[in-house]
Amino acid sequence: MRGSLVFYHPTTLQEAIGLLGEHGEEAKVVAGSTALTILMRQRLIAPSVLVSIGAIPGLDGIEERDGAIRIGAMVRHRDVELSELVRARVPVLAETFGVVANVRVRNAATVGGVLAESDYASDPPAVFVALDAEIEVRGPGGERTIPARDFFVAFYETALEPNEIVTAIRIPIPVTGSGTAYHKFVSRSSEDRPCVGVAALVHLASDGTCADLRVAVGAAAETPQRFPNVEALAVGQTLTPELTGRIGDAYADAIDTLDDMRGSAWYRTEMVRVWVGRAIETATDAAADRSAPG
Amino acid sequence: MTATDPSSPRTSPRPVDGEGKISLTLRVNGSAERVRARPNHTLLEVLRNELHLTGPREGCGVGMCGACTVLVDGRPVSSCLLPAALAEDHELTTIEGLEGPNGELHPIQEAYVEHTGFQCSYCTPGFILATKALLEECPDVTRDEAKAYLAGNLCRCGSYVKILDSVMDARDRVRG
């Protein structure tokens, strides 16, 4: 019922975690509120307690540390998009955050929020999974780290315990000689959520063969989809159109695609086939540019 | 010491009055406004219903159309998605905040009038505020860049060509 809601503004993580423990299922963490407001308006959720984490210091930084870019949970999408550090070190991440929704949503929506919401049709999760990112969370028992591939469990469901809070994400900086890409395929308007989103990383060896391939497909199923056994087909090989086509086919076969207003399951399967190949090609070109002498 | 010590303001809920409302202080168009609102009221609801600032309008209610655009610390956001309780401690600007001390139009508004960058004008405050943020971020913006930046503002009359003409003229007026 409207009006039965109470707001808390804790200023430490300990306080926030304590409030979540105290109120249990009734409580939700609120950060940018772009998703939360809609979910509440549509009566899909009806929390009676909102715990704002916006006043907690230390959650809003972007820094390079130990070969990774670490982004705090309260960092806005737009700040990832415009960050010079992110653009220089993990450009695909800036590009991906830059294609989410529209500039107003990107000014409000946070990195912690897109993780904790686990909406299958968000753009960043596929990139996080492809880049082997790790999510830092804090709960009553202290901190732990969850690999991105284990974090997204199902529709709007994550590996977070009820009283755990996302505090940051660490994205390893791709090694020299790697190229990355995120292809967002939209079936309606330019600022829509993806029908299919494909993140790819290609690492080329000095002889031009593929040393490492990673492909994660978002928005096609409940969670980002990655198949190491298919990726392995590329290792030691030259990424010819024939080979990327086979990898696209294998992803299309492997993913149990879903139906929604952005595309039927059949259509999504065909789009996975096409866009996996294109993402690998773009990432390969980027890798070749980066490893070119001079 | 526990995390839920009731004496701590951070770990107690915001006080609610007999009508179930909380007290908020919003800094809107340069002045501090004290308002009472339900904890789940959005900034849009409070601006329109409590402060009678009707420039921001509700269009889609889900952050897609831009009719409710408000600048928060100079950055456009959808006020239909932002709980008013999270808008404290920020500088808020609505279209009403653009007029000069004697009611004169802002150069961006003049450009929109000059080029008739509107028909019904429901979307116009949102477009003008988005244009303001765009020109502050990117004073030499190109037409294509403006098109990309404004892609998330919808004009159902379809005045996009004239809106882009207005933005390009506004750029020249603001840049001088």
Side-chain angles (χ1 to χ4, degrees), chain A residues 1-23 30-42 46-56 76 78-79 82 98-109 140 163 189-193, chain B residues 1-5 8-16 19-22 24 38-44 60-66 68-90 126 129-130 133-134 137 147-154:
Chain A
M1 193 190 89
R2 265 174 95 86
S4 63
L5 187 70
V6 294
F7 249 100
Y8 289 86
H9 300 268
T11 56
T12 70
L13 276 171
Q14 281 315 101
E15 291 167 351
I17 292 160
L19 288 164
L20 294 181
E22 185 184 338
H23 296 283
V30 56
S33 206
T34 50
L36 194 75
T37 300
I38 294 174
L39 293 172
M40 286 170 60
R41 279 280 177 86
Q42 296 177 339
S48 58
V49 172
L50 291 184
V51 179
S52 167
I53 58 169
I56 299 173
R76 314 285 170 166
R78 182 79 169 151
D79 292 324
L82 298 179
V99 296
V100 173
N102 55 56
V103 71
R104 298 182 310 280
V105 169
R106 296 199 295 277
N107 277 333
N163 48 3
S189 65
S190 73
E191 78 277 24
D192 198 9
R193 287 172 175 271
Chain B
M1 189 195 80
T2 69
T4 54
D5 178 356
S8 160
R10 288 119 48 175
T11 51
S12 303
R14 295 181 75 107
V16 176
E19 293 176 46
K21 292 184 171 177
I22 55 177
L24 297 170
R38 290 192 186 278
N40 56 1
H41 274 166
T42 61
L43 176 61
L44 177 64
C60 67
V62 294
M64 287 180 72
C65 77
C68 70
T69 301
V70 167
L71 301 183
V72 177
D73 298 327
R75 293 159 59 135
V77 303
S78 292
S79 63
C80 72
L81 295 182
L82 184 63
L86 298 184
E88 287 187 304
D89 307 320
H90 297 283
L129 289 170
L134 169 63
E137 191 180 300
K147 213 169 175 177
Y149 188 91
L150 296 170
N153 285 74
L154 304 185

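Letters A, B, ... mirror the listed sequences (proteins, then strands); counts begin at 1. Reckoned from all heavy atoms, side chains included, excluding hydrogens, waters and symmetry mates.
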### Task
Would you indicate whether B:Lys21, at its atom NZ, is surrounded by more than 12 heavy atoms from other residues, nucleotides or ligands within a distance under 6.0 Å?
yes

### Query
Relative to chain B, which segment of A:Val49 carries a heavy atom at a distance below 4.5 Å: side chain, backbone, both, or neither?
neither

#### Entry: B:Asp73, part contacting chain A, at a heavy-atom distance under 4.5 Å
neither

### Query
Based on non-hydrogen pairs under 4.5 Å, which of B:Gly61, B:Ala85, B:Cys80 is most in contact with chain A?
B:Ala85

### Any donor-acceptor pair under 3.5 Å from A:Arg104 side chain to B:Gly152 backbone
yes

### Query
Checking B:Glu137 against chain A: side chain, backbone, both or neither under 4.5 Å from a heavy atom?
side chain

### Task
Measure B:Cys65 against the heavy atoms of chain A and call it side chain, backbone, both or neither at under 4.5 Å.
backbone

### Query
If only atom types and distance count, is the side chain of A:Asn102 paired as donor or acceptor with the main-chain N or O of B:Gly63 below 3.5 Å?
yes

### Query
So A:Glu191 and B:Leu154, side chain to side chain contact (heavy atoms under 4.5 Å, CB included) or not? Walk me through it.
CA-CA 11 Å; A:Glu191 78 277 24; B:Leu154 304 185; 3.7 Å; yes

#### Entry: Top of A:Val30, A:Thr34, A:Val105 for chain B proximity - count of heavy-atom pairs under 4.5 angstrom
A:Thr34

### Query
Side-chain contact, heavy-atom cut-off 4.5 Å: A:Leu50 with B:Pro39?
no

### Which atoms of A:Ala109 approach chain B - backbone, side chain, both or neither, heavy atom under 4.5 Å
neither

### Message
Using 0.5 Å steps for rounding, measure from the CG atom of A:Asn107 to the CG atom of B:Leu82.
### Response
11.5 Å

### Task
Give the minimum heavy-atom separation between B:Pro83 and A:Phe7, together with the two atoms involved.
CB-CZ, 4.0 Å

### Trace of the side chain to side chain contact (heavy atoms under 4.5 Å, CB included) decision for B:Thr42 with A:Thr37
CA-CA 8 Å; B:Thr42 61; A:Thr37 300; 4.2 Å; yes

### Options A:Asp192, A:Leu82, A:Ile38, A:Val6, ranked by heavy-atom pairs under 4.5 Å with chain B, top entry
A:Ile38

### Summary
Separation between CG (A:Leu5) and NE2 (B:His41), nearest 0.5 Å, reads 11.0 Å

